Amino acid sequence: HVQLVESGGGLVQPGGSLRLSCAASGRYTIQNYCMAWFRQVPGKEREGVAAIDSDGSTSYADSVKGRFTISVDKAKNTLYLQMNSLKPEDTAMYYCASARTSACLIMTISRYQDWGQGTQVTVS
């Protein structure tokens with residue numbers, strides 16, 4: 001298990017950009033895990049946004065493909081989500097998560113063991 005702390009959320013205008021960060025700590029660095037970003041709005045199910053595995057392969061939800069980019073800085077043990085061309089429907093609480101499986105790119109919630117506390121993104 002790893003400890004995850006998100007930051008970088010806030011208020012941004014439609015069409016704007018925002019970068020979320022997720023600092024990881026623990027015995028194992030994030031390079032040894034699959035990492036992902038999920039988002040959730042009140043009353044709706046949590047959904048996968050983007051994921052990156054230990055080999056650097058990525059996957060994205062269709063709704064964010066071409067606008068969001070997930071990346072990892074191994075030296076800083078930090079996960080990022082660069083969000084461009086933001087839309088009001090991107091408004092949600094964003095969570096980072098880690099999984100100890102190479103099959104994490106499908107972003108099935110049950111495959112992720114560790115979760116951050118979330119950071120709010122509001123596009124308005």
Side-chain angles (χ1 to χ4, degrees):
H1 296 281
V2 298
Q3 301 295 315
L4 305 172
V5 180
E6 303 99 329
S7 63
L11 177 65
V12 64
Q13 297 180 358
S17 298
L18 202 63
R19 188 178 75 164
L20 305 183
S21 299
C22 175
S25 62
R27 175 175 173 80
Y28 304 107
T29 60
I30 58 175
Q31 63 184 318
N32 300 312
Y33 294 83
C34 292
M35 303 294 294
W37 290 95
F38 291 78
R39 66 186 182 187
Q40 187 173 28
V41 299
K44 297 188 67 177
E45 184 178 347
R46 189 171 300 185
E47 63 176 350
V49 176
I52 183 168
D53 67 16
S54 59
D55 295 323
S57 297
T58 60
S59 66
Y60 297 91
D62 289 341
S63 59
V64 307
K65 194 170 300 181
R67 300 188 297 118
F68 291 10
T69 302
I70 188 171
S71 62
V72 172
D73 187 328
K74 296 180 179 180
K76 295 183 177 180
N77 213 29
T78 300
L79 174 74
Y80 299 99
L81 183 67
Q82 178 65 47
M83 305 185 293
N84 298 325
S85 302
L86 283 163
K87 305 175 180 179
E89 51 262 45
D90 294 318
T91 296
M93 184 72 75
Y94 283 72
Y95 301 87
C96 65
S98 65
R100 293 179 291 281
T101 174
S102 60
C104 66
L105 296 182
I106 196 170
M107 291 183 282
T108 300
I109 292 176
S110 62
R111 298 183 181 181
Y112 287 80
Q113 290 77 47
D114 301 298
W115 296 81
Q117 84 290 347
T119 185
Q120 179 68 39
V121 172
T122 301
V123 185
S124 178

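Quick note: residue numbers are just sequence positions, from 1. These figures come from a predicted structure and were not determined experimentally. The figures that follow rest on heavy atoms only: side chains count, while hydrogens, waters and symmetry mates do not.
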*Ignoring hydrogens and geometry, is there a side-chain-to-backbone donor-acceptor pair from Thr119 to Tyr94 under 3.5 Å?*
no
_ILVMFWY network linking Tyr80 to Met83, side-chain heavy atoms under 4.5 angstrom_ = no
*Which residue pairs satisfy the salt bridge (Lys or Arg N to Asp or Glu O under 4.0 Å) criterion with at least one member in residues 78-88, sequence neighbours excluded?*
none
_With Ser63 via side chain to side chain contact (heavy atoms under 4.5 Å, CB included) - residues at least two apart_ = Arg39, Ala61
*Might you confirm whether atom CD of Gln120 has over 12 heavy atoms from other residues, nucleotides or ligands at distances under 6.0 Å?*
yes
_If we ignore hydrogens and angles and just use 3.5 Å, is the side chain of Asn77 paired with the main-chain N or O of Ala24 as donor and acceptor?_
yes
*Tell me, which pairs form a side-chain hydrogen bond (donor to acceptor under 3.5 Å, both in side chains) where one or both residues lie in residues 8-22, sequence neighbours left out?*
Ser17-Asn84
_In this structure, would Val49 and Leu105 fall into the same cluster of hydrophobic residues linked by side-chain contacts under 4.5 Å?_
no
*Search all heavy atoms of Ala50 against all heavy atoms of Leu81 and return the closest pair with its distance.*
CB-CD1, 4.1 Å
*To the nearest 0.5 Å, how far apart are OG1 in Thr78 and CG in Leu20?*
12.5 Å
*Between Asp114 and Ser98, is there a donor-acceptor pair closer than 3.5 Å when you use the side chain of the first and the backbone of the second?*
no
*Could you go step by step and tell me if Phe68 and Leu18 meet the side chain to side chain contact (heavy atoms under 4.5 Å, CB included) rule?*
CA-CA 10 Å; Phe68 291 10; Leu18 202 63; over 6 Å; no
*Does any N or O in the side chain of Asp55 come within less than 3.5 Å of the main-chain N or O of Ser57, such that one atom is a donor and the other an acceptor?*
no
*disulfide (SG to SG under 2.5 Å) pairs, two or more places apart, involving residues 43-124*: Cys22-Cys96, Cys34-Cys104
*Smallest separation among heavy atoms of Lys44 and Gln40, with atom names*: O-NE2, 3.1 Å
*Tell me who clusters with Met93, hydrophobic residues only, linked when side chains sit under 4.5 Å apart either directly or through other members.*
Phe38, Tyr95, Met107, Ile109, Tyr112, Trp115
*Taking the side chain as every heavy atom from C-beta outward, state whether Val41 and Thr91 have any atom pair closer than 4.5 Å.*
no
_CG on Leu4 to OG on Ser25, rounded to 0.5 Å_ = 7.5 Å
*Could you tell me which residues satisfy salt bridge (Lys or Arg N to Asp or Glu O under 4.0 Å) with Lys65, sequence neighbours excluded, listed by chain and number?*
Asp62
*Identify, with sequence neighbours excluded, every residue that meets side chain to side chain contact (heavy atoms under 4.5 Å, CB included) alongside Gln113.*
His1, Ala99, Arg100
*Does Val5 have any side chain to side chain contact (heavy atoms under 4.5 Å, CB included) partners at least two apart in sequence or in another chain, and if so, which?*
Gln117
*With sequence neighbours excluded, tell me which residues meet side chain to side chain contact (heavy atoms under 4.5 Å, CB included) with Thr69.*
Tyr60, Gln82
